[in-house]
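All remarks here apply to the structure that follows.
This one's a predicted model, so the numbers in the text were calculated from it and none came from an experiment. Along the sequence shown, residues carry numbers from 1.
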Amino acid sequence: MPLEIGTNWAGNLTYGAERIVAPTTVDEVREALAGASRVRAVGSRHSFNTIADTTGLLLATSGLAAAPVIDERAATVTVGAGIRYGDLGAALQQRGWALANLASLPHISVAGAIATGTHGSGDRVPSLAAAVAGLELVTANGDVVTLRRGDIDFNAAVVSLGALGIVTSVTLDIEPTFEVSQHVYESLALERVLDSFDAITSLGYSVSMFTTWRDPQTIDQVWVKRRTDADAPAPAELLGARPATVARHPLPGISAEFCTAQLGEPGAWVDRLPHFRLDFTPSNGDELQTEYLVPRARIAEALDVMREMAPRVAPLLQVNEIRTVPADELWLSPSNGHDVVGLHLTWLPAQSEVERLLVELEERLLPLGARPHWGKLFAADSPALHEAYPKLADFRGVAERYDPRGVFRNDFLRRVFGG
């Protein structure tokens, strides 16, 4: 059915589509694609750039939200592409199952998150895309293609940027449910982070550091999420940082009422791994986001860059989250081939000023091997992206084979591919 065309979640982009539809079945997806010359899929609209934009047909995957089907023997769940992680998590928890990881927000859609390489945090827990065991997509000519882990095109098709077709369902690895407790530590000296980075990030199942860079010598908060069935007890202090005595929001001065429970209170994985509760909708239009995934071996150099640029960064920044992601084999994953550390930057809604600053940041970070997150704001052009993502040229060949007419090609992909 046709829908009203609107904006992305942050409100910094108005979609340029002629029309938008929200099919609920594979047949309706095929019908929508029939005769269409330009199509893009859009999920929960949490991208901050034009990756989902088009001048043709915008196909909303929100209607592709079939109930989860669990295969207990295979330890997998198959879901509609448009389902949100929080809704999937609640359904799995009811059945005694869990996903290995979740992103900061449980509000994002499964297909959109994996297509852009979105991740959570944890030294031993790969990105959300690495949990994909299979997917189904519809190509521009209406063919329904199913790919499973180990198939020849699988590693190209998971983090796909929407270039191969419309993903209609996804199969994910699952495991038995588990509990997590969350502990926050305040005011950790940056020098201690540089000296003991591995020790800090290994303190829990998932560890995130937050800072505003207003004090370039201090990391403001460290969030340690422990699996109660496996991890060591939370330390009484963390290299001089003291545990928070009240719940904290990642942004200073903001109420923590919509954050997931802290202060060591155990709870189900789905209620602790995200930073924010599913029943809270984060404010629209109040932020922009960028993320650079830096090779873990070079994180000290990257943090030195951030410290040196703090006087330029801090006036535009709300908060910088620092978290770890282990390597995977997916071609366009930001963690392809080696472990990475994400420098996630939540900016004030000042796009022109932020974009100018990104040019300077990338001049310092990209030579360290940093890779921009596909769904966030970045300045890199095609040559820089090809250097950052060594499999990008191979991926373009797969995209041209699946979509020879360029139906799913938009300005974003032309910028990425070049030529």
Side-chain angles (χ1 to χ4, degrees), residues 86 101-106 120-123 125 178-280 282-283 286-287 299 303 306-307 310 313-314 317-324 341-346:
N101 213 345
L102 291 171
S104 299
L105 290 173
S121 179
D123 284 359
V125 193
F178 55 91
E179 284 198 334
V180 173
S181 64
Q182 187 166 212
H183 308 259
V184 176
Y185 298 84
E186 298 183 286
S187 297
L188 177 61
L190 179 60
E191 287 302 325
R192 305 303 294 270
V193 175
L194 296 174
D195 291 342
S196 306
F197 189 82
D198 292 348
I200 294 167
T201 63
S202 64
L203 279 173
Y205 184 75
S206 170
V207 175
S208 292
M209 294 178 247
F210 294 94
T211 192
T212 63
W213 293 110
R214 294 171 192 167
D215 177 356
Q217 308 305 326
T218 303
I219 297 297
D220 301 331
Q221 299 179 27
V222 182
W223 290 31
V224 178
K225 301 173 191 270
R226 299 175 47 259
R227 277 189 65 146
T228 59
D229 62 347
D231 292 324
E237 67 168 11
L238 175 53
L239 300 175
R242 304 296 298 177
T245 57
V246 296
R248 294 299 188 195
H249 190 285
L251 275 64
I254 304 297
S255 170
E257 63 180 312
F258 297 119
C259 294
T260 50
Q262 302 165 25
L263 303 175
E265 178 187 344
W269 61 280
V270 69
D271 297 322
R272 296 295 183 275
L273 291 179
H275 299 329
F276 299 99
R277 292 169 18 204
L278 180 63
D279 58 356
F280 162 61
S283 55
D286 290 340
E287 64 185 56
I299 185 56
L303 290 175
M306 297 303 299
R307 174 164 55 181
V313 168
L317 185 68
Q318 297 194 54
V319 73
N320 176 188
E321 182 178 7
I322 303 162
R323 48 190 175 164
T324 60
V341 180
L343 300 178
H344 187 282
L345 302 155
T346 299

Does any part of the side chain of [Y], heavy atoms only, come nearer than 4.5 Å to the side chain of [X], both counted from C-beta?
X	Y	value
L194	R307	yes
F197	M209	yes
S104	R323	yes
T228	V180	no
S208	P250	no
T218	L188	no
E257	F280	no

When rounded to the nearest 0.5 angstrom, what distance separates [atom1] in [X] from [atom2] in [Y]?
X	Y	atom1	atom2	result
Q217	D215	CD	CG	6.5 Å
C259	I254	SG	CD1	10.0 Å
S206	D123	OG	CG	9.5 Å
T201	I299	OG1	CD1	10.0 Å
I200	T324	CD1	OG1	11.5 Å

Looking at every heavy atom in both [X] and [Y], which two are closest together, and how far apart are they?
X	Y	answer
Y205	L273	CD2-CD2, 4.0 Å
G86	V270	O-CG2, 4.3 Å
F276	H249	CE2-NE2, 3.5 Å

Open item on the list: Please tell me whether N320 and T211 have a donor and an acceptor in their side chains that are separated by less than 3.5 angstrom.
Closed with: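 Looking only at side-chain atoms, T211 and N320 do not form any donor-acceptor pair under 3.5 Å.
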Task: Exercise: do E321 and T346 side chains pair donor with acceptor under 3.5 Å - done: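 There is no such pair (donor and acceptor under 3.5 Å, judged by atom type) between the side chains of E321 and T346.
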[X] with [Y]: basic N within carboxylate O range, under 4.0 Å:
X	Y	result
R272	E265	yes
E179	R226	no
R248	E186	yes

Open item on the list: Does the plane of the ring in W269 sit parallel, tilted or perpendicular to the ring in F178? Use 30° and 60° as the thresholds.
Closed with: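 Geometry flag for F178 against W269: tilted rings.
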- [ ] Test H344 against F210 for ring pair (Phe, Tyr, Trp, His ring centres under 6.0 Å), laying out the working first.
- [x] CA-CA 9 Å; H344 187 282; F210 294 94; 9.2 Å; no
In residues 232-242, what donor-acceptor pairs under 3.5 Å come from side-chain atoms, sequence neighbours left out?
{"unit_1": "E237", "atom_1": "OE1", "unit_2": "R242", "atom_2": "NH1", "d": "3.1"}

Side-chain donor or acceptor of [X] paired with backbone N/O of [Y] under 3.5 Å:
X	Y	result
D231	L203	no
Q318	L345	no
D271	G267	no

TODO: Measure from NZ or CZ of R277 to the centre of the six-membered ring of F258 and say whether it is under 6.0 Å with the direction within 45° of the ring axis.
DONE: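 Negative - R277 is either too far from the ring of F258 or too far off its axis.
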